[in-house]
Amino acid sequence: MPRIEIDEGYCKGCDLCVVVCPEGIVAMDYSRLTAKGYHPAYQTDASKCNACTNCAVICPDVAITVYKEVRS
């Protein structure tokens, strides 16, 4: 199953990943702050991720890694 991983050490809460996600499964966590004082992004529903990589490509801080399913 595809999924994304967001490194909160690099995420500055710019919200770009939320805007470009075609499935609407990336959101900002306004209830928490990172060590640097930003609201981090997070994936709401991994089962709906299609691994399009839009979020990772637009992230200016390279904070997002997309994992795709490998079929053998």
Side-chain angles (χ1 to χ4, degrees):
M1 175 185 326
R3 66 180 175 86
I4 66 170
E5 187 175 282
I6 301 170
D7 185 334
E8 292 185 3
Y10 292 106
C11 179
K12 65 181 179 193
C14 68
D15 203 37
L16 292 174
C17 55
V18 175
V19 175
V20 299
C21 180
E23 303 299 329
I25 60 167
V26 182
M28 302 305 296
D29 187 350
Y30 293 111
S31 67
R32 315 183 302 108
L33 292 174
T34 65
K36 294 181 180 178
Y38 300 113
H39 295 288
Y42 71 100
Q43 184 177 26
T44 61
D45 188 352
S47 69
K48 293 182 181 176
C49 182
N50 66 12
C52 67
T53 71
N54 287 352
C55 57
V57 170
I58 201 162
C59 181
D61 298 303
V62 194
I64 303 173
T65 304
V66 178
Y67 294 95
K68 297 180 180 183
E69 180 178 342
V70 177
R71 297 179 187 198
S72 50

SG (C49) and NZ (K68) are apart, to the nearest 0.5 Å, by 9.5 Å
Sequence neighbours excluded, the answer for side-chain contact (heavy atoms from CB on, under 4.5 Å) partners of I58 is L16, V20
Identify the two heavy atoms, one from Y10 and one from A63, that lie closest to each other, and give their separation to 0.1 Å.
CB-CB, 3.7 Å
Of all heavy-atom pairs between P40 and C11, which one has the smallest distance, and what is that distance?
CA-SG, 3.9 Å
Looking only at heavy atoms, what is the nearest atom pair of P2 and A51, with distance?
CB-CB, 3.5 Å
Who pairs with N54 by side chain to side chain donor-acceptor pair (under 3.5 Å), at least two apart in sequence or on another chain?
none
Please tell me whether Y38 and I6 are part of a single hydrophobic cluster in this structure, the criterion being side-chain heavy atoms less than 4.5 Å apart.
no
Quick one: do Y42 and I25 end up in the same hydrophobic cluster if we chain Ile, Leu, Val, Met, Phe, Trp and Tyr together by side-chain heavy atoms under 4.5 Å apart?
no
Under the side chain to side chain donor-acceptor pair (under 3.5 Å) test, which residues partner D15, sequence neighbours left out?
none
Under 4.5 Å between any side-chain heavy atoms of L33 and H39, yes or no?
yes
Residues passing the side chain to side chain donor-acceptor pair (under 3.5 Å) test with Q43, sequence neighbours excluded, are none
Those residues at least two apart in sequence (or on a different chain) that pass side chain to side chain donor-acceptor pair (under 3.5 Å) with D45 are S47
Treat each ILVMFWY residue as a node, draw an edge where side-chain heavy atoms are under 4.5 Å apart, and state whether Y30 and V26 are in one component.
yes
Any idea which heavy atoms bring I64 and C59 closest together, and the distance?
CD1-CB, 4.2 Å
For N50, give me all partners under side-chain contact (heavy atoms from CB on, under 4.5 Å), at least two apart in sequence or on another chain.
P22, E23, C52
For a quick test of reading the model, state the closest non-hydrogen atom pair linking E69 to M1 and the distance between them.
OE1-N, 3.3 Å
